[in-house]
Amino acid sequence: MWLDEEHAYNCFRNPIDENSQLNPNQLFDRFYTTDNSRRKNTGLGLSIVRLLAEKLGGSATAKIENDMIEFLVSIKKNL
């Protein structure tokens, strides 16, 4: 976690399969999945993260580099 004058940031990194079909531009979409056999998963978690971050004056983003996925979540410090 780190801070600047306006925001608090938190970054999470996880390894992923190098053949993963994840699309970082869609990860925060409700019900997004790349695996049709996982229909039991509602896919709401990351969309809720993005919604809460935006309601708190920040953002939630994801990017994939090599075999790692990185999530960056920011919120405004003084609401």
Side-chain angles (χ1 to χ4, degrees):
M1 186 167 146
W2 69 96
L3 306 170
D4 67 16
E5 290 184 19
E6 294 184 21
H7 292 88
Y9 300 89
N10 209 338
C11 183
F12 306 91
R13 291 186 186 107
N14 288 309
I16 58 172
D17 181 1
E18 64 185 44
N19 298 320
S20 174
Q21 298 178 8
L22 292 174
N23 181 339
N25 296 322
Q26 293 179 307
L27 285 174
F28 295 96
D29 293 349
R30 289 177 50 190
F31 308 115
Y32 173 73
T33 182
T34 60
D35 184 354
N36 288 333
S37 68
R38 300 190 82 187
R39 297 254 180 225
K40 294 177 189 170
N41 184 351
T42 60
L44 290 173
L46 289 176
S47 65
I48 293 170
V49 168
R50 179 178 61 187
L51 178 67
L52 288 173
E54 289 173 352
K55 293 281 185 189
L56 294 170
S59 64
T61 59
K63 69 178 181 177
I64 296 174
E65 289 185 7
N66 302 319
D67 60 349
M68 296 292 286
I69 186 163
E70 178 179 292
F71 296 95
L72 178 62
V73 179
S74 70
I75 60 172
K76 205 165 196 174
K77 283 176 27 180
N78 299 315
L79 295 175

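As a basis for the values below, the full set of heavy atoms in this structure was taken, side chains included, without hydrogen atoms, waters or symmetry mates.
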Quiz item: Out of V73, L3, L72, which residue meets the side-chain contact (heavy atoms from CB on, under 4.5 Å) rule with Y9?
Solution: L72
Exercise. List the atom of G57, the atom of H7, and the distance in Å for their closest heavy-atom pair.
Key: O-NE2, 3.2 Å
Quiz item: Considering residues at least two apart in sequence or located in another chain, which fulfil the side chain to side chain contact (heavy atoms under 4.5 Å, CB included) criterion with L52?
Solution: I48
Quiz prompt | M68 backbone acceptor or donor facing N66 side chain under 3.5 Å | solution = no
Quiz item: Is it true that a side-chain atom of S74 and a backbone atom of S59 form a donor plus acceptor pair closer than 3.5 Å?
Solution: yes
Quiz item: Are there more than 12 heavy atoms of other residues, nucleotides or ligands under 6.0 Å from atom NZ of K76?
Solution: no
Self-check item: Close side-chain approach of E5 and N78, heavy atoms under 4.5 Å
Solution: no
Quiz item: Going from CG on L22 to CD1 on I69, what distance comes out if it is rounded to the nearest 0.5 angstrom?
Solution: 5.5 Å
Self-check item: Expected output: side-chain D17 to main-chain S20 donor-acceptor under 3.5 Å
Solution: no
Exercise. Measure the CD1-CG distance between I64 and N14 for me, rounded to the nearest 0.5 Å.
Key: 11.5 Å
Quiz item: For the atom pair CD1 (I16) and CD (E65), what is the distance rounded to the nearest 0.5 Å?
Solution: 10.5 Å
Quiz item: What's the verdict on side chain to side chain contact (heavy atoms under 4.5 Å, CB included) for L46 and Q26, showing C-alpha distance, side-chain angles and the deciding distance?
Solution: CA-CA 10 Å; L46 289 176; Q26 293 179 307; over 6 Å; no
Exercise. Please name the pair of heavy atoms, one in K77 and one in A8, separated by the smallest distance, quoted to 0.1 Å.
Key: CG-N, 3.8 Å
Quiz item: Between F71 and F28, what is the ring plane arrangement, given parallel below 30°, perpendicular above 60°, and tilted in between?
Solution: perpendicular
Practice problem: Taking all heavy atoms of P24 and all of A62, pick out the closest pair and write down the distance. | Solution: CB-O, 3.5 Å
